[in-house]
J.: 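One structure coming up, written as structure tokens, with questions to follow.
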Amino acid sequence: NRSRKKLFHAVARSGGFGLLTRGNRSLRGWESLEITFRQDNLVQNRLLKHEDFVLQGRLHMAAVNSLKNLRHVSDIFVCFNNGSFALAPPGQPGCDCEMNEDNQDNETETTERSETSERSEGMAWGTAWGWDNRLGRDCEKVWGFGPSNDVLPRGAQSLDALYRDLQVTPGSHEMATQAVAQFNDEAFMQEDVEHLHRAYGLPIAKTVHVHGVRGTKDNSNTGGEGSLDLQTITALAPSAPTTWWGVDPWVIDGFMLAYTVDVNNHTSPPLVHSISWGDAEPLYPAAFVQRLDYELMKLALRGITMIVASGDNGNSAVGSYCDFVSDVVGTSEWVTSVGATMPSLDSKPYCSAAAFRQLGDCEELGQVTCSSQNGALITSSGYFSVYRPRPKYQDLAVNTFLQTSSCKPFPVCPVHNHSYVSHRELEEIKVPCQHIAKTGCSLSNLVQDSRAAPDVALPGQSYPVLVNKSVFGFDGTSASAPALAALISRLNGLQAQRGQPPLGLLNPWFYQVHRDHPQAFLDVVVGDTASTETRLCRFGFRAAPGWDPATGLGVPRFSVLRELLPSMNRMNCSASPPSTLLERTDSWHFLPWQFLPIAAVLVACGGAWAAAIAKRHNPRWDTLKRPFLIDGDF
């Protein structure tokens with residue numbers, strides 16, 4: 001049995017989890033399964049038969065129900081039965097699986113690799129067979145899809161839940177124009193948007209205006225990014241005229257610069273733009289970053305709001321490694337960077353305290369940092385720029401975090417490796433910055449004076465999205481960004497009713513409101529960035545009171561912000577001009593060739609940028625899909 005591949009995986013569902021397997025061959029050679037697992041530290045046993053497995057696309061799934069939502073399920077084992085057998089007494093493991101020695105070593109190696117940020121993504125699909133000590137049966141350990149291998153039962157992020165979390169009152173008052181930025185071959189179906197609106201009980205969705213490039217089909221191969229962005233923004237701001245703003249990524253200007261130039265060339269572009277795309281900031285030379293910032297600054301001066309998803313891999317805006325890597329768009333001071341949260345019953349620090357646990361589990365639902373180690377499919381990203389200096393509007397909030405952080409000498413915490421970590425080891429953490437220093441830039445220096453992200457966070461887990469009339473559950477800051485964009489469209493509509501200009505650059509207002517009215521943001525104080533979609537990382541930024549690199553200022557409360565909208569005579573923009581970027585890089589001893597004319601740099605590097613384009617906010621979706629509602633259901 002040691003050479004046999006594992007047959008089953010577990011995926012979260014509302015009120016339980018699903019046991020997944022591929023193909024009919026996995027359902028042969030046994031008559032029934034006894035499955036054993038723990039929730040709330042209590043052992044539970046279930047019996048599954050062949051008829052319990054239902055075909056879902058290319059997978060078969062059996063549902064394990066009647067469990068508590070938002071309580072982790074761990075230690076999942078299945079034993080294979082070929083005849084009658086005696087059920088275990090209640091509270092005792094029915095499948096007492098002892099892993100083969102080779103597999104035990106394999107699991108230990110997996111844990112060690114995850115702690116040192118080197119875990120192979122394919123490791124979880126390796127062998128996992130053992131022998132049942134109770135009845136002498138073949139058995140298998142079952143893992144989830146995240147790095148923690150636990151499963152977190154959870155329901156879908158309903159529209160009512162979003163209204164509650166964001167303190168939004170449903171209504172169809174006048175809303176301002178909005179857009180979602182799209183690249184690559186993303187597509188959407190107007191029918192999917194309309195079907196979701198009907199499912200939510202909303203008015204018939206307005207026809208989405210298409211500007212530029214639109215793919216020919218939308219399916220799981222294109223990632224569903226376009227459908228997620230569009231359906232989220234239109235569901236939360238259903239009365240707002242919405243534009244699909246597509247740009248061909250294979251352009252000499254680099255995909256994001258091409259987008260900002262295209263918007264600036266438009267005589268009357270939408271007032272709010274949601275961007276769920278980006279790339280690693282260190283890949284780009286200073287000349288490109290400065291040029292991008294000029295375009296973003298011009299948009300801000302026109303009263304246009306740019307909202308950018310921070311990323312889905314914790315410390316890194318791109319990829320699935322544990323390096324500290326910032327985003328080329330999200331670290332601009334002219335955009336609002338958005339992280340993600342998730343619901344949890346452990347949203348207060350005391351919930352995990354041993355002394356409090358003696359009184360029982362916490363039962364009050366709250367928001368924590370969205371993280372794969374806690375059962376989400378992604379981990380919200382936070383980082384510091386390698387180029388941009390910290391704008392003045394951030395100084396107070398970020399400096400307060402640096403001064404009060406429990407992690408010293410600077411706010412990076414050892415999280416998953418509890419062995420001793422010296423101050424020197426923390427201070428020697430490097431950030432990739434090949435256009436500045438081949439050996440990397442010191443993270444301890446960047447946190448002192450660099451632009452920090454994210455600025456705020458919004459719920460980013462379990463968004464139901466229709467793709468060709470099939471429903472997927474998406475996690476990602478790609479959901480948080482359009483959710484915030486929809487809120488700003490609502491606020492811009494209120495501004496218009498008051499005879500005031502659109503909000504434009506949000507950050508000076510956000511940080512001022514947080515300083516004077518902290519109740520305008522739900523402070524998220526639990527969670528960290530020390531994981532990716534597939535790995536646990538040794539170090540990360542922890543959530544803390546006030547601003548932090550995990551969730552920014554927290555979750556905006558619409559009901560409070562609408563009462564604090566700025567008036568023209570009180571609006572001011574305290575961001576720095578992009579020229580300060582070159583002053584900063586001069587102090588880092590740039591080479592002369594890096595300051596060639598911008599056009600020459602674009603010609604030389606445009607192809608590489610296009611080839612390296614990264615949908616780093618690739619939202620993760622549950623493996624299963626099922627038919628949603630067909631036309632006849634409406």
Side-chain angles (χ1 to χ4, degrees), residues 156-171 175-176 178-182 193 196-197 200 202 205 224-240 242 270-277 305-312 330 335-343 367-370 376-378 380-381 454-466 472-493 503 506 510 520-522 524 551-562 617 619-621:
Q157 176 69 74
S158 69
L159 189 61
D160 287 341
L162 275 175
Y163 283 154
R164 181 188 66 246
D165 292 340
L166 302 175
Q167 296 190 2
V168 174
T169 302
M175 301 178 191
Q178 59 189 15
V180 292
Q182 296 300 325
V193 180
L196 188 71
H197 278 233
Y200 277 143
L202 295 171
E225 175 66 58
S227 292
L228 170 63
D229 294 347
L230 201 56
Q231 292 174 32
T232 300
I233 199 171
T234 57
L236 280 170
S239 300
T242 304
L271 291 175
V272 182
H273 291 248
S274 175
I275 303 172
S276 296
W277 300 69
T305 301
M306 306 299 285
I307 295 172
V308 181
S310 70
D312 296 337
V335 308
T336 297
S337 176
V338 186
T341 63
M342 61 185 289
Q367 296 292 316
V368 300
T369 306
C370 194
L377 299 174
I378 63 101
S380 183
S381 292
D455 298 298
V456 295
L458 273 79
Q461 187 192 33
S462 296
Y463 279 67
V465 178
L466 278 167
F472 292 80
F474 280 82
D475 292 2
T477 55
S478 290
S480 307
L484 176 61
L487 295 190
I488 303 307
S489 292
R490 286 172 170 264
L491 293 177
N492 274 341
L503 293 173
L506 299 175
F510 272 176
F521 298 87
L522 172 66
V524 180
T551 56
L553 300 172
V555 181
R557 287 172 161 158
F558 179 83
S559 63
V560 182
L561 290 175
R562 65 177 295 166
H617 312 314
R620 294 296 300 274
W621 61 88

J.: Run the side chain to side chain contact (heavy atoms under 4.5 Å, CB included) check on Leu159 and Leu202 step by step: do they pass?
T.: CA-CA 10 Å; Leu159 189 61; Leu202 295 171; 3.9 Å; yes
J.: Are side-chain heavy atoms of Thr341 and Ser380 found at a separation under 4.5 Å?
T.: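 Side chain of Thr341 against side chain of Ser380, heavy atoms only: no contact under 4.5 Å found.
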J.: Flag the pair Leu236 / Val168 as yes when at least one side-chain heavy-atom distance between them is below 4.5 Å, and no otherwise.
T.: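 With C-beta onward as the side chain, the pair stays apart.
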J.: Work out which heavy atom in Gln182 is nearest to a heavy atom in Gly226; give both atom names and the distance.
T.: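 Answer, listing the atom of Gln182 first, then Gly226: OE1-CA, 3.7 Å.
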J.: Are Gln178 and Ser274 linked by a side-chain donor-acceptor pair shorter than 3.5 Å?
T.: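 Result is no, nothing qualifies.
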J.: What are the two closest non-hydrogen atoms of Pro556 and Ala457, and how far apart are they?
T.: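 Closest approach of Pro556 to Ala457: CD-O, 3.4 Å.
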J.: Check the pair Tyr463 / Gln231 against side chain to side chain contact (heavy atoms under 4.5 Å, CB included), numbers first and verdict last.
T.: CA-CA 10 Å; Tyr463 279 67; Gln231 292 174 32; over 6 Å; no
J.: Which heavy atom in Ala376 sits nearest to a heavy atom in Gln461, and how many Å separate them?
T.: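 Heavy-atom minimum between the residues: CA-NE2, 3.7 Å.
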J.: As a quick check of understanding, evaluate side chain to side chain contact (heavy atoms under 4.5 Å, CB included) for Thr169 and Phe558, giving each step before the final call.
T.: CA-CA 9 Å; Thr169 302; Phe558 179 83; over 6 Å; no
J.: If I take atom OH from residue Tyr163 and atom OG from residue Ser158, how far apart are they, to the nearest 0.5 angstrom?
T.: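 Reported to 0.5 Å precision, the distance equals 10.5 Å.
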J.: May I ask you to decide if Ala309's main-chain N or O and Thr477's side chain share a donor-acceptor pair within less than 3.5 Å?
T.: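 Flag not set: sc Thr477 to bb Ala309 has no pair under 3.5 Å.
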J.: Report the distance from atom OG of Ser489 to atom CD1 of Ile233, rounding to the nearest 0.5 Å.
T.: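 Taking OG in Ser489 and CD1 in Ile233, the distance rounds to 5.5 Å.
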J.: To the nearest 0.5 angstrom, please state how far the CG atom of Leu466 sits from the CG atom of Leu228.
T.: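 If I round to the nearest 0.5 Å, the distance is 11.5 Å.
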J.: Using atom types as modelled and distance alone, determine if a side-chain donor or acceptor of Asp475 lies under 3.5 Å from a backbone N or O of Leu377.
T.: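 It does hold such a pair.
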J.: Which pair of heavy atoms, one from Gly554 and one from Phe521, lies closest together, and at what distance?
T.: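 Looking at all heavy atoms of both residues, the closest pair is O-CD2, 4.2 Å.
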J.: Kindly compute the distance separating CG (Leu522) from CG (Asp165), expressed to the nearest 0.5 Å.
T.: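 Interatomic distance, Leu522 CG to Asp165 CG, rounded to 0.5 Å: 8.5 Å.
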J.: Any side-chain to backbone donor/acceptor pair from Ser310 onto Val338? Under 3.5 Å, distance only.
T.: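 It does hold such a pair.
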J.: Any side-chain heavy atom of Pro343 within less than 4.5 Å of one from Gln367?
T.: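 In short, these two side chains touch, coming nearer than 4.5 Å.
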J.: Working to the nearest 0.5 Å, report the span between CD1 of Ile307 and CG of Leu484.
T.: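 It comes to 4.0 Å.
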J.: Have Ser337 and Asp455 got a donor and an acceptor in their side chains that come within less than 3.5 Å?
T.: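 No, no side-chain donor-acceptor pair sits under 3.5 Å.
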J.: Got a donor-acceptor contact below 3.5 angstrom from the Thr305 side chain to the Val272 backbone?
T.: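 No; judged by distance alone, with no hydrogens or angles, the pair does not exist.
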J.: With distance as the sole test, does Asp229 use its side chain to make a donor-acceptor pair with the main-chain N or O of Pro482 at under 3.5 Å?
T.: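 Not a single qualifying donor-acceptor pair exists.
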J.: Is Val193 close to Leu230 at the side-chain level, that is, under 4.5 Å between some pair of heavy atoms?
T.: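 Counting from C-beta outward, Leu230 and Val193 do come under 4.5 Å.
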J.: Nearest 0.5 Å please: distance from the CD1 atom of Ile488 over to the CG atom of Leu503.
T.: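 Those atoms lie 6.0 Å apart.
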J.: What closest approach, in Å, do Ala481 and Ile275 show between heavy atoms, and which atom pair accounts for it?
T.: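 The answer is CB-O, 4.3 Å.
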J.: Is the backbone N or O of Arg562 less than 3.5 Å from a side-chain atom of Arg490, with the two atoms forming a donor-acceptor pair by type?
T.: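 No: the side chain of Arg490 does not pair with the backbone of Arg562.
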J.: Main chain of Val560, side chain of Gln167: is a donor-acceptor contact present, judged purely on distance under 3.5 Å?
T.: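 No: the side chain of Gln167 does not pair with the backbone of Val560.
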J.: How close do Pro464 and Gln157 get, heavy atom to heavy atom, and via which atoms?
T.: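 In this case the closest contact between Pro464 and Gln157 is CD-O, 3.4 Å.
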